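The first residue in the sequence is number 1, and the count goes up from there. Owing to the predicted nature of the structure, the values given are computational and were not obtained by experimental measurement.
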Amino acid sequence: MESNKLYKREKLCSRTAIDQAFAHGHSVMAYPLRAVYTLGEARPEAPARFMITIPKKKMHRAVKRVLLRRRTREAYRLNRPLLLPALEQEGKSVDMAIVYLSTHVAPYAVIEEKMRDILSRIAQAAHD
């Protein structure tokens, strides 16, 4: 059985990697989510690193930001098998930042559907 656990090594924490993703990365949008990503050479420790950001300007209440961060993280955790095999097959890795764009709290079903769309489009970009 494959583990669905998220590990610390999968978090995008490096300031330089984050800045590089936003400065030189590609963007994929599936409202209310937007992903900014950069593809690179394969990393054995973590083929995909990610971060989630819910802007305070869009979502004023911390409780709602935390709720959306949890929903987005869970959608990523359950649907990352759409992305990882494509990266391993192509010998690439990805750093991505997922940004929540809406000013309203979306239901989990909508976030999961949009996350699937984003991950499959990034996987397709890895093939190209």
Side-chain angles (χ1 to χ4, degrees):
M1 187 169 109
E2 189 175 314
S3 173
N4 278 337
K5 188 174 178 181
L6 285 176
Y7 294 96
K8 173 139 175 73
R9 63 180 176 258
E10 295 180 64
K11 286 185 182 179
L12 182 58
C13 302
S14 166
R15 173 64 88 188
T16 56
I18 294 168
D19 290 343
Q20 186 176 6
F22 280 104
H24 305 293
H26 304 285
S27 179
V28 174
M29 190 166 140
Y31 193 83
L33 299 176
R34 174 178 172 241
V36 178
Y37 68 94
T38 55
L39 291 168
E41 297 302 315
R43 269 190 312 262
E45 67 275 359
R49 294 188 301 185
F50 77 104
M51 68 175 279
I52 297 168
T53 179
I54 303 0
K56 196 178 208 180
K57 188 175 184 179
K58 300 275 185 175
M59 203 59 60
H60 302 291
R61 300 275 180 185
V63 172
K64 291 182 180 179
R65 286 195 305 274
V66 169
L67 173 72
L68 288 169
R69 193 172 296 114
R70 285 180 179 167
R71 286 180 180 176
T72 307
R73 188 183 314 120
E74 182 69 3
Y76 173 78
R77 183 183 73 83
L78 293 176
N79 293 298
R80 70 182 163 180
L82 296 172
L83 178 64
L84 296 180
L87 292 173
E88 290 172 5
Q89 183 181 9
E90 296 297 320
K92 294 186 178 180
S93 65
V94 68
D95 290 340
M96 72 177 114
I98 300 164
V99 183
Y100 189 83
L101 300 173
S102 178
T103 57
H104 302 290
V105 177
Y108 175 74
V110 171
I111 292 174
E112 186 176 29
E113 175 189 342
K114 301 305 180 175
M115 182 64 72
R116 270 193 232 114
D117 183 30
I118 285 174
L119 292 179
S120 60
R121 286 163 62 184
I122 293 173
Q124 183 63 36
H127 281 300
D128 296 340

Which value, rounded to the nearest 0.5 Å, describes the distance between [X] atom [atom1] and [Y] atom [atom2]?
{"X": "Tyr37", "Y": "Leu12", "atom1": "OH", "atom2": "CG", "value": "15.0 Å"}
{"X": "Asn4", "Y": "Arg80", "atom1": "CG", "atom2": "CZ", "value": "6.0 Å"}
{"X": "Leu82", "Y": "Arg121", "atom1": "CG", "atom2": "CZ", "value": "13.5 Å"}
{"X": "Leu68", "Y": "Thr53", "atom1": "CG", "atom2": "OG1", "value": "11.5 Å"}
{"X": "Met96", "Y": "Ile118", "atom1": "CE", "atom2": "CD1", "value": "9.0 Å"}
{"X": "Met51", "Y": "Arg69", "atom1": "CE", "atom2": "CZ", "value": "9.0 Å"}

So with a 6.0 Å cut-off around [atom1] of [X], is the heavy-atom count from everything else above 12?
{"X": "Glu45", "atom1": "CD", "result": "yes"}
{"X": "Arg70", "atom1": "CZ", "result": "no"}
{"X": "His104", "atom1": "NE2", "result": "no"}
{"X": "Lys92", "atom1": "NZ", "result": "yes"}

Are [X] and [Y] grouped together when hydrophobic residues (ILVMFWY) are joined by side-chain heavy atoms under 4.5 angstrom apart?
{"X": "Ile111", "Y": "Val105", "value": "yes"}
{"X": "Val36", "Y": "Val28", "value": "no"}
{"X": "Ile52", "Y": "Tyr100", "value": "yes"}

Ion pair Glu112/Arg116, N-O distance below 4.0 Å: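 Salt bridge between Glu112 and Arg116, a charged N being under 4.0 Å from a carboxylate O: yes.
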Are any side-chain N or O atoms of Arg65 and backbone N or O atoms of Met59, one a donor and one an acceptor, separated by less than 3.5 Å?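 Yes, Arg65 side chain to Met59 backbone: donor-acceptor pair under 3.5 Å.
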Would you find a donor on one side and an acceptor on the other, under 3.5 Å apart, between the side chain of Ser93 and the backbone of Glu41?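 Side chain of Ser93 to backbone of Glu41, a donor-acceptor pair under 3.5 Å: yes, one is there.
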Quick one, Ser14 with Gln20, criterion side chain to side chain contact (heavy atoms under 4.5 Å, CB included). Give me CA distance, side-chain angles, the key distance, then yes/no. CA-CA 10 Å; Ser14 166; Gln20 186 176 6; over 6 Å; no
Return the minimal non-hydrogen interatomic distance between [X] and [Y], and the atom names on each side.
{"X": "Arg43", "Y": "Ala46", "result": "NE-O, 3.0 Å"}
{"X": "Val110", "Y": "Pro32", "result": "CG1-CD, 4.2 Å"}
{"X": "Leu84", "Y": "Ala48", "result": "CD2-CB, 3.8 Å"}
{"X": "Lys8", "Y": "Cys13", "result": "NZ-SG, 4.2 Å"}
{"X": "Lys58", "Y": "Ser102", "result": "CB-O, 3.8 Å"}
{"X": "Thr38", "Y": "Gly25", "result": "CG2-CA, 3.5 Å"}

With a 4.5 Å heavy-atom cut-off, do [X] and [Y] have their side chains touching?
{"X": "Met115", "Y": "Ile98", "answer": "yes"}
{"X": "Leu67", "Y": "Arg61", "answer": "no"}
{"X": "Leu6", "Y": "Tyr76", "answer": "yes"}
{"X": "Phe22", "Y": "Ile18", "answer": "yes"}

Begin with the C-alpha distance, continue with both residues' side-chain angles, and end with the deciding distance and a verdict on side chain to side chain contact (heavy atoms under 4.5 Å, CB included) for Leu87 and Ile122. CA-CA 9 Å; Leu87 292 173; Ile122 293 173; 5.7 Å; no
I would like to know whether Arg71 and Glu74 meet salt bridge (Lys or Arg N to Asp or Glu O under 4.0 Å); could you show each step before the answer? CA-CA 5 Å; Arg71 286 180 180 176; Glu74 182 69 3; over 6 Å; no
